[in-house]
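Just below is one structure, and these are the notes that go with it.
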Amino acid sequence: MSEKKERPSVDIQSMVESHKSPFLVIDRQYRIVAVNRLFASTFGVSQQEILGKTCYEVTHCNDEPCHVLGLDCPLQHVFNTGKPYTCTHEHAGNNDRRHKCRVDAFPLVGSNGDLYLGESIEELPGFTSDNSVEKRMVGESASFRDCLKKLDLASGADVAVLLEGETGVGKELAAQYIHEHSPRAGKPFQILDSTVLADGLFESEVFGHEKGSYTGSAGRKQGLFELAEGGTLFIDEIGDLPASQQSKLLRVLETGQFRRVGGNEILSADVRVVCATNRNLWDSVRAGGFRGDLYYRIACMTIQLPALRERLEDIPLICAALVRGIASSMEHPLHLSECALEPLQSYHYPGNIRELRNILQIAASHTTNFLIDAQTIQSVMETMPQYRHGRPRQTAAGSGDEMKPALHRPEAGTLPGSLSAIESEYLQNLLRCYSGNRKKIANILGVSERTVYRKLKKLNLN
């Protein structure tokens with residue numbers, strides 16, 4: 001009778017320490033169950049401090065998993081397929097430095113049969129970034145998730161894609177998403193705006209020109225098809241392309257070949273084309289304003305992007321991303337009060353996300369205490385003619401900001417004092433508003449909880 005061999009018992013900590021790169025072990029609930037010393041030293045964290053915390057909280061300083069925020073999620077891929085997965089991510093480190101990393105994720109089976117995620121992280125050289133928000137698509141509504149599934153499908157199919165949607169819905173971001181999640185991700189992403197090129201400049205911009213091909217052409221210029229070689233060319237508002245330019249574009253899409261203006265050499269291009277339009281392009285085809293043969297070339301897959309009014313529940317997430325970007329450009333902290341979301345979610349946005357961004361930028365310029373409150377938002381919105389002359393939903397006057405602990409505004413005509421004094425007052429008010437919850441304050445400021453702790457300690461704030 002053969003003797004049953006027992007599975008060797010391996011200490012998990014010694015296993016992760018054997019890796020020569022930063023390494024994590026994560027369970028199905030996104031919790032970190034093991035981490036090696038190299039990860040801790042690379043990202044400036046304490047091993048004991050992050051055990052039990054979620055991976056998205058530690059490595060991204062987010063409150064939601066990556067896939068909810070429109071980012072690649074290795075855990076989702078590994079647990080859904082049981083197969084290894086590789087992607088690139090930006091990870092947050094000590095002092096809010098951003099690290100662009102290659103993540104190699106693979107399944108690990110525990111002695112009890114439970115499945116875990118092993119994640120090996122390699123920092124990519126030559127990348128520096130501040131803590132500004134990435135330009136990315138965010139949301140969790142049903143319409144957004146449905147759109148994201150279609151974009152994921154398009155990412156994996158190397159065919160031409162037509163993005164349809166109203167002005168300001170984020171068609172360029174959607175095109176970037178397709179490119180960055182496709183096999184062409186490491187190659188160039190070029191943009192052609194069909195509304196700004198005069199007929200005489202179209203060929204030069206798209207195909208390039210040779211030296212002396214026309215007056216003022218001092219040297220050879222590469223066109224967008226050359227510059228996008230191996231990658232993606234995004235053609236914005238293709239519905240506005242004149243008929244003469246449509247025929248020239250069709251020719252290169254059919255043959256993959258073109259010549260620079262003034263040149264004789266026939267060049268080839270391996271370029272994926274993603275187009276966008278704010279109109280129903282098929283209606284333009286039927287009306288004779290757009291070539292049917294070009295339409296079939298660019299619309300192998302057609303994806304409709306939802307208007308912002310169709311996903312108002314996503315406004316808190318979108319606002320958080322926009323406010324962090326505005327704060328970064330203004331180079332000081334910025335916070336949107338919870339009550340300010342009420343008027344923002346009570347409007348239908350004919351200009352979509354672009355209009356929402358404008359409202360927040362104007363409101364940010366009117367703040368004196370780093371807080372955008374409901375009253376400021378309401379005041380900005382009431383200056384807009386499209387808001388005054390027809391509000392599709394009820395407004396949020398008296399939205400209840402007075403129920404929140406007030407952040408003090410300096411009196412008109414007074415100087416606010418030293419920067420550290422302003423910082424101290426601002427943090428004190430946040431501590432009062434959120435009952436000393438450092439995690440919430442960190443999310444508001446767009447920094448890690450570790451940074452908040454160090455700042456409070458430096459300013460002697462409890």
Side-chain angles (χ1 to χ4, degrees), residues 135 154 158-165 167-180 182 184-279 281 284-285 289-302 305 354:
K135 286 189 174 181
D158 197 30
V159 297
V161 179
L162 177 63
L163 302 172
E164 294 184 334
T167 298
V169 295
K171 295 188 286 291
E172 184 178 327
L173 280 182
Q176 287 178 327
Y177 181 95
I178 291 172
H179 172 72
E180 290 168 3
S182 77
R184 297 177 179 264
K187 300 295 184 178
F189 178 83
Q190 296 290 331
I191 301 173
L192 170 64
D193 187 346
S194 304
T195 63
V196 301
L197 290 181
D199 201 40
L201 295 176
F202 176 82
E203 285 186 278
S204 174
E205 187 70 19
V206 177
F207 307 130
H209 64 247
E210 298 289 352
K211 180 179 180 181
S213 57
Y214 61 88
T215 304
S217 57
R220 172 184 284 184
K221 175 186 175 182
Q222 289 183 306
L224 290 174
F225 269 95
E226 278 188 86
L227 295 172
E229 174 62 29
T232 304
L233 175 60
F234 172 55
I235 305 177
D236 199 10
E237 300 306 347
I238 194 169
D240 294 332
L241 206 61
S244 60
Q245 298 178 12
Q246 292 178 29
S247 61
K248 296 168 185 173
L249 179 61
L250 175 63
R251 192 176 305 118
V252 68
L253 294 181
E254 285 182 331
T255 66
Q257 296 181 331
F258 62 95
R259 287 186 296 186
R260 299 190 192 100
V261 177
N264 296 318
E265 182 184 2
I266 296 178
L267 304 173
S268 298
D270 172 24
V271 174
R272 184 190 194 178
V273 172
V274 177
C275 299
T277 179
N278 62 6
R279 63 181 70 177
L281 208 54
S284 298
V285 171
F290 196 85
R291 294 182 62 126
D293 47 5
L294 178 57
Y295 176 84
Y296 289 117
R297 279 285 173 186
I298 65 172
C300 296
M301 294 183 69
T302 302
L305 272 62
R354 185 177 297 141

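All values below were derived from every heavy atom in this structure, side-chain atoms included, with hydrogens, water molecules and symmetry-related copies excluded.
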Next on the checklist: Evaluate Phe189 against Leu227 for side-chain contact (heavy atoms from CB on, under 4.5 Å), listing each step before the verdict.
Outcome noted: CA-CA 9 Å; Phe189 178 83; Leu227 295 172; over 6 Å; no
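- Between Ala174 and Leu163, the shortest heavy-atom contact is CB-CD1, 3.9 Å.
- Applying the side-chain contact (heavy atoms from CB on, under 4.5 Å) rule to Ser247 yields the partners Arg291; only residues at least two apart in sequence or on another chain are considered.
- Between Arg297 atom CZ and Leu250 atom CG the span is 7.0 Å, to the nearest 0.5 Å.
- Separating the CZ atom in Arg251 from the NZ atom in Lys248 is a distance of 8.0 Å, to the nearest 0.5 Å.
- The minimum heavy-atom distance linking Ala160 with Cys300 is given by the pair O-CB, 3.3 Å.
- Separating the CG atom in Asn278 from the OG1 atom in Thr167 is a distance of 4.0 Å, to the nearest 0.5 Å.
- Test Glu226, Glu203, His209 against Arg260 for side-chain hydrogen bond (donor to acceptor under 3.5 Å, both in side chains) and you get one pass: Glu226.
- To the nearest 0.5 Å, the span separating SG on Cys275 from CG on Leu162 amounts to 6.5 Å.
- Checked for salt-bridge contact, Glu210 and Lys221 miss the test: no charged N lies under 4.0 Å from a carboxylate O.
- The structure places CD of Glu229 at 8.5 Å from OG of Ser268, a figure rounded to the nearest 0.5 Å.
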Next on the checklist: If you apply the rule side-chain contact (heavy atoms from CB on, under 4.5 Å), what do you find for Leu305 with Lys171, and how did you get there?
Outcome noted: CA-CA 7 Å; Leu305 272 62; Lys171 295 188 286 291; 4.0 Å; yes
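- Taking the ring pair (Phe, Tyr, Trp, His ring centres under 6.0 Å) definition, one finds that Phe207 meets it with Phe258, sequence neighbours left out.
- Under the rule for a side-chain contact (heavy atoms from CB on, under 4.5 Å), the partners of Arg184 that lie at least two apart in sequence or sit in another chain are Asp158, His179, Ser182, Thr232, Asp270, Arg272.
- Considering only residues two or more places apart in sequence or on other chains, Arg279 meets the side-chain contact (heavy atoms from CB on, under 4.5 Å) condition with Asp240, Thr277, Leu281, Ser284.
- Val285 is linked by a side-chain contact (heavy atoms from CB on, under 4.5 Å) to Trp282, Phe290, Tyr295, counting only residues two or more places apart in sequence or in another chain.
- At a threshold of 4.5 Å between non-hydrogen side-chain atoms, the residues Val206 and Val252 do not count as touching.
- In this structure, Leu294 CG and Ile238 CD1 are separated by 5.0 Å, a value rounded to the nearest 0.5 Å.
- Among pairs with a residue in residues 223-256, none fulfils ring-ring contact (aromatic ring centres under 6.0 Å, His included), at least two apart in sequence or across chains.
- Counting only distance, with no hydrogens or angles, the side chain of Gln246 and the backbone of Leu241 share a donor-acceptor pair below 3.5 Å.
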Checklist entry - Stepwise, does the side-chain contact (heavy atoms from CB on, under 4.5 Å) test hold for Ile298 with Leu253? => result CA-CA 9 Å; Ile298 65 172; Leu253 294 181; 3.8 Å; yes
Checklist entry - Stepwise, does the side-chain contact (heavy atoms from CB on, under 4.5 Å) test hold for Asp236 with Ser194? => result CA-CA 6 Å; Asp236 199 10; Ser194 304; 5.9 Å; no
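- Between Glu265 and Leu267 the shortest side-chain heavy-atom distance falls below 4.5 Å.
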